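These notes are about the structure you will find just below.
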Amino acid sequence: MELEGVSANEIRKSFLLGIRFDLKLAILSFFPLALLILIVNYRFFKKSIYNKINNIYLTLTYLVILLFYVVDFGYYEYLAMRLDASALRFLSNLKISSQVLFESYPVYKGLLGLIVFGFVSYKFANYSFRKNNTTNKILSKKIKAAYFIGVFLLLSFGVYNSITHYPLRWSEAFFSKKNSVNQFGLNPVLYFFDSFAFRSEGVDMEKLQTYYPVIARHLNLSKDTISFEKKVTFTNPYQQKPNIIYVMLESTGTAPMSFYGNPLNSTPKMDSILKESASFSKFYVHKPGTAGSVFASITGLPDIDDIKTVSRNPLAIDQRIIFDQYNGYEKRYFIGGSANWANIRAVFQSNIEGLKIFEEGSFEEEIRADVWGIDDYELFKESNKELKKLHQKKQPFVAYIQTATNHMPFTVPDKKETFKPILEEEISEKTLLKGGFRSLGQLNGIRYLDFNVARFLERAKEAGYYDNSIFVFFGDHRGGMKQLNFLDDNEDDLGIQVHHVPFFIHAPKYIKPQILNKYAKLVDVFPTATSLAKLDYTNYTLGRDLLDSTNTDTAAFVYIQSKGERAVGLIKDGFYYEKTNISKKASLYRLNGEDQTDVKEQNPWITQSMDSLLSGYYYSTKYLYFNNKKLAK
């Protein structure tokens, strides 16, 4: 059986979620008819035109929903997946698909059944209409308005279907690592339309086969067959497993940090921490957005989705990831707001067995600061409480802490321990512009994050788990800034400075302070930290261990907006190469240049090699979105 070995709690949760999805569909289906009745009031049952509208609408609604469920049953029987918009691909070869359909299923009996069902539905709708056509009561405008508003709000709440800040979404069904449980809770109609925006997503196998040898040489993969699997083992693991704590620094690029040259001494505490850490000076995220960076760091796959973010694509959620392979570890995810944001819950919960999520509503103490939930001070404090408990139990842990206060609206307190924000009368507009900051709030936001990072490490020392922990800090993207005149490169002019973020590992017991100048990217974070901890793992995606001395041919892969359209770019060996996705316009720039001169004509060999590697990354990412699914146990 599909659900054999699944706990009763998971089945119960999935079943209840299914009821909520079904209720949402029922309300959405009847919403238009309900609004019509509320608008025309008693006239709805007096005019024959409304009778026809009622009967036809209900009959078609019942038929469409039934047809979705019938197709869903067949689709699941065929692929063990609930119906989604990718099923439209079968229409591309309608002749063959129709032949398979007619040879595999009792289509004629099914059509006859639909006709009978449609006839019965029409008669039932007509009967219900006539049965209710007995009232002659005329409502006053006030009572009618009250009915209208009350029913509208009730139906709207049924569609929203949640008492949290986020509505019911498909991602809530993906709470289990067992795919059969997740599939059990979905509604085929809602799921089909949720996935409709991603219906054209696919893999160009011809392109992949062309460029796989290039990416295989670059990442040292198998040359014989398309495989991204890389087993990493250690013969001398640590006797005491180190804890690993990943901290995502919201809207933190290199430019706003004084360690990287900002003239306003904006991050003095992190500057000191960086001097005691291993840091990567040429580290880039793939897409300048939080959801994309969370997905990439967790899965090892860049977010190169053209529509929204790949975390919102239900077809790409199921992934084999390193985070799930911390055997013997307690796994935690901390976020100040809701994990339903951008469907991030599904990315974590459906891929990491035994993960416990701490979010708004699950902390011991909660002081909501703004739209992002509790602020970073409270988030670090509450995270430390849980990590301290695990340490006292002598239980190794891996944690992912997602900060948020360094983001508009930059809600910082008037005072927090030793932290005080800079006041407007204490700084001039000219000084702010010197550091490239758009507002005083932005400057205070990075200063508050700076304070909280240092305070978190102090708490870790007080709690006792600091010495045996590996702290991994990385930015998710740089926030918008004014002119960055203090930079000595042309990254901002090229549009890639927003991708350039800090990445540093603070673990005095495990790695000495150093600055590594090799090119690095977000998907390298987990392989690097996990290897530093000497934990065996299998890497199925595109990241690599940056501390491996044999990895010298490094590059960063970015996804940007260029020349009015989406583009991808490669940063390597002092050059930046980009190509637009549709028009295929390509350009090559020197990173140390003072302008944006395209030098591809003068460097044909570099252009060709970077184009091939860029294509290797792009088509490999598209392939792995849909071909890195967890194997059934």
Side-chain angles (χ1 to χ4, degrees), residues 243-260 262 264-281 283 285 290 293-294 297 332-336 358 369 372-388 398-407 410-413 415-422 441-463 465-467 469-479 501-508 511 513 515 522 525 529:
N243 308 307
I244 306 179
I245 304 165
Y246 298 91
V247 181
M248 191 211 77
L249 305 171
E250 172 63 47
S251 299
T252 303
T254 54
M257 297 182 66
S258 43
F259 183 84
Y260 293 98
N262 192 288
L264 298 195
N265 193 31
S266 50
T267 52
K269 295 182 183 297
M270 278 197 281
D271 293 355
S272 298
I273 296 168
L274 273 156
K275 292 174 183 176
E276 300 174 352
S277 307
S279 63
F280 298 82
S281 62
F283 181 80
V285 297
T290 303
S293 288
V294 172
S297 63
R332 300 290 185 265
Y333 170 45
F334 300 93
I335 180 173
F358 285 79
W372 307 118
I374 64 175
D375 79 357
D376 289 349
Y377 179 88
E378 299 297 326
L379 176 65
F380 279 123
K381 184 179 73 173
E382 293 300 311
S383 301
N384 178 68
K385 287 180 183 178
E386 173 66 12
L387 301 182
K388 181 179 179 180
V398 54
Y400 192 106
I401 302 175
Q402 182 178 332
T403 67
T405 305
N406 187 36
H407 188 293
F410 302 113
T411 306
V412 301
K415 189 178 189 304
K416 185 69 71 174
E417 296 184 8
T418 61
F419 172 81
K420 288 183 180 180
I422 297 173
Q442 187 180 32
L443 173 57
N444 279 325
I446 189 73
R447 291 180 64 250
Y448 190 47
L449 178 62
D450 181 63
F451 163 78
N452 282 314
V453 166
R455 186 69 184 90
F456 174 55
L457 292 180
E458 290 174 3
R459 289 192 184 100
K461 291 176 182 177
E462 295 165 2
Y465 61 84
Y466 172 85
D467 289 337
S469 294
I470 297 171
F471 297 88
V472 183
F473 297 93
F474 61 94
D476 67 332
H477 63 91
R478 194 207 74 200
V501 301
F503 171 38
F504 56 99
I505 300 175
H506 184 73
I511 190 169
I515 297 177
L522 188 56
V525 168

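These numbers come from the heavy atoms of this one structure, side chains and all, not from hydrogens, waters or symmetry mates. Fair warning: this is a prediction, and the values are worked out from it, not measured in the lab.
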To the nearest 0.5 Å, what is the distance between CG (N452) and CZ (R459)?
7.0 Å
Exceeds 12 heavy-atom contacts within 6.0 angstrom, atom NZ of K269
no
dist S266:OG -> I446:CD1 (nearest 0.5 Å) comes out at 6.5 Å
Have D375 and T405 got a donor and an acceptor in their side chains that come within less than 3.5 Å?
no
Does atom NZ of K420 have more than 12 heavy-atom neighbours from other groups under 6.0 Å away?
no
If you measure from OH on Y466 to CD1 on I245, what distance do you get to the nearest 0.5 Å?
11.0 Å
Taking CD1 in I515 as the centre, count heavy atoms belonging to other residues, nucleotides or ligands within less than 6.0 Å. Is the count above 12?
no
To the nearest 0.5 angstrom, please state how far the CD atom of Q402 sits from the OG atom of S293.
10.0 Å
On a heavy-atom basis, which atom in T267 and which in P256 lie closest, and how many Å separate them?
CG2-O, 4.4 Å
Quick one: closest heavy-atom pair of T403 and L249, and the distance?
OG1-CA, 3.5 Å
Worked verdict on Y377 versus F451 for side chain to side chain contact (heavy atoms under 4.5 Å, CB included):
CA-CA 9 Å; Y377 179 88; F451 163 78; 3.9 Å; yes
Would you call E378-K381 a salt bridge at under 4.0 Å N-O?
yes
Ring center gap for Y448 and F419 short of 6.0 angstrom
yes
Before we go on, tell me: are the rings of F456 and F380 under 6.0 Å apart, centre to centre?
yes
Which heavy atom of G475 sits nearest to which heavy atom of V501, and what is that distance?
O-CG2, 3.5 Å
Assess the residue pair F474 and F503 against the criterion (ring-ring contact (aromatic ring centres under 6.0 Å, His included)); give the C-alpha distance rounded to whole Å, side-chain angles, the decisive distance to 0.1 Å, and a yes or no.
CA-CA 4 Å; F474 61 94; F503 171 38; 7.0 Å; no
S281/Y260 under side chain to side chain donor-acceptor pair (under 3.5 Å): CA gap, chis, key distance, verdict
CA-CA 9 Å; S281 62; Y260 293 98; over 6 Å; no
Pairwise distance CD1(I273) to CG(D450) - rounded to 0.5 angstrom
7.0 Å
Which heavy atom of A369 sits nearest a heavy atom of T411, and at what distance?
O-CG2, 3.9 Å
Please find the pair of heavy atoms, one from L379 and one from G336, that lie closest to each other, and give the distance.
CD1-N, 3.8 Å
Can you give me the closest heavy-atom contact between P421 and V412, atom names plus distance?
CB-CG2, 4.2 Å
Any chance you could lay out the side chain to side chain contact (heavy atoms under 4.5 Å, CB included) test for T290 and H477, step after step, and finish with the verdict?
CA-CA 7 Å; T290 303; H477 63 91; 3.6 Å; yes
Please report the interatomic distance CE(M270) to CE(M257), rounded to the nearest 0.5 Å.
4.0 Å
Could you tell me whether Y246 and F473 have their ring centroids closer than 6.0 angstrom?
no
Between E458 and R455, does any NZ, NE, NH1 or NH2 come within less than 4.0 Å of an OD or OE carboxylate oxygen?
yes
